[in-house]
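If you're wondering where the values come from, they're calculated on a predicted model, not measured in any experiment.
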Amino acid sequence: AEPIGLHDDITKMCFTGSTSQIGGLTFVDIAERTLRLHVRGYPHSPLPIHQLSSGLDNDGKYHLRQLEGSELHLNDPMGIAKLQEAAKTNSRAAYAQFAAIHNDIVSR
């Protein structure tokens, strides 16, 4: 097995006898990512104002990639958006739109 996405230094130290033709992250890269994620969960300050969050950061790694002919899922992005809108605003119209999208997917 070949370690993929790791720098040669990591491969030599942690995966003895393996080689990686692709290369990738260094120890510094991994440390920076780890610390950035740690600060999200454990802010530097215990003050309540620093504990507030407007939501999770989107690193842009997770996207719905639905191509023609791919498998349908009940978690349709528009359906989820309408359900969230209905829950946040107590909107019967938004819930009706969610239900219509959901029922259309289920009936396929």
Side-chain angles (χ1 to χ4, degrees):
E2 178 182 338
I4 297 175
L6 298 174
H7 190 270
D8 194 43
D9 292 343
I10 295 176
T11 302
K12 286 179 182 175
M13 179 182 278
C14 301
F15 299 95
T16 307
S18 296
T19 58
S20 177
Q21 297 176 9
I22 298 174
L25 297 174
T26 65
F27 282 115
V28 172
D29 296 330
I30 293 171
E32 287 172 352
R33 288 180 179 201
T34 302
L35 292 172
R36 188 175 64 243
L37 291 172
H38 180 78
V39 168
R40 280 193 207 171
Y42 301 95
H44 295 296
S45 170
L47 296 175
I49 190 69
H50 296 128
Q51 305 296 320
L52 297 176
S53 172
S54 60
L56 295 175
D57 293 336
N58 180 357
D59 290 332
K61 295 177 184 167
Y62 305 104
H63 302 282
L64 178 68
R65 293 178 179 92
Q66 197 163 5
L67 303 173
E68 187 67 33
S70 62
E71 180 181 357
L72 280 176
H73 294 274
L74 291 178
N75 294 338
D76 177 77
M78 185 54 72
I80 297 301
K82 289 299 174 184
L83 180 60
Q84 290 174 338
E85 180 185 341
K88 288 178 183 177
T89 64
N90 199 26
S91 168
R92 290 182 182 265
Y95 184 81
Q97 290 173 323
F98 157 75
I101 293 168
H102 179 76
N103 290 337
D104 178 56
I105 293 170
V106 170
S107 65
R108 290 184 192 180

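- For the 3.5 Å distance criterion, the side chains of Asp8 and Thr11 fail to qualify, holding no donor opposite an acceptor.
- A salt bridge is absent between Lys88 and Glu85: the closest approach of a Lys/Arg side-chain nitrogen to an acidic carboxylate oxygen does not fall below 4.0 angstrom.
- Tracing side-chain contacts under 4.5 Å through hydrophobic residues (I, L, V, M, F, W, Y), one reaches Phe15 starting from Phe27; they form part of the same cluster.
- Contact detail for Lys82 and Ile101: the closest heavy-atom pair is CG-CD1, 4.3 Å.
- For His102, the ring-ring contact (aromatic ring centres under 6.0 Å, His included) partners at least two apart in sequence or on another chain are Phe98.
- Cluster membership check: Met78 shares its hydrophobic cluster with Ile105, using side-chain heavy-atom separations under 4.5 Å among Ile, Leu, Val, Met, Phe, Trp and Tyr.
- Within the 4.5 Å cutoff, the side chain of Leu6 has heavy atoms near those of the Pro3 side chain.
- Atoms CD1 and CG, on Ile4 and Leu25 in that order, are 12.5 Å from each other to the nearest 0.5 Å.
- Judged by distance alone, the side chain of Asp104 and the main-chain N or O of Ala100 form no donor-acceptor pair under 3.5 Å.
- Tracing side-chain contacts under 4.5 Å through hydrophobic residues (I, L, V, M, F, W, Y), one never reaches Tyr42 starting from Leu35; they form parts of separate clusters.
- Atom CZ in Arg36 sits 8.0 Å away from atom CD in Glu32 (nearest 0.5 Å).
- In this structure, Asp9 CG and Thr26 OG1 are separated by 8.0 Å, a value rounded to the nearest 0.5 Å.
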In sequence, state the C-alpha distance, the side-chain angles, and the governing distance for Ile30 and Thr34, and then conclude on side chain to side chain contact (heavy atoms under 4.5 Å, CB included).
CA-CA 6 Å; Ile30 293 171; Thr34 302; 4.0 Å; yes
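- If you take NZ on Lys12 and NE2 on His7, they are separated by 9.0 Å, rounding to the nearest 0.5 Å.
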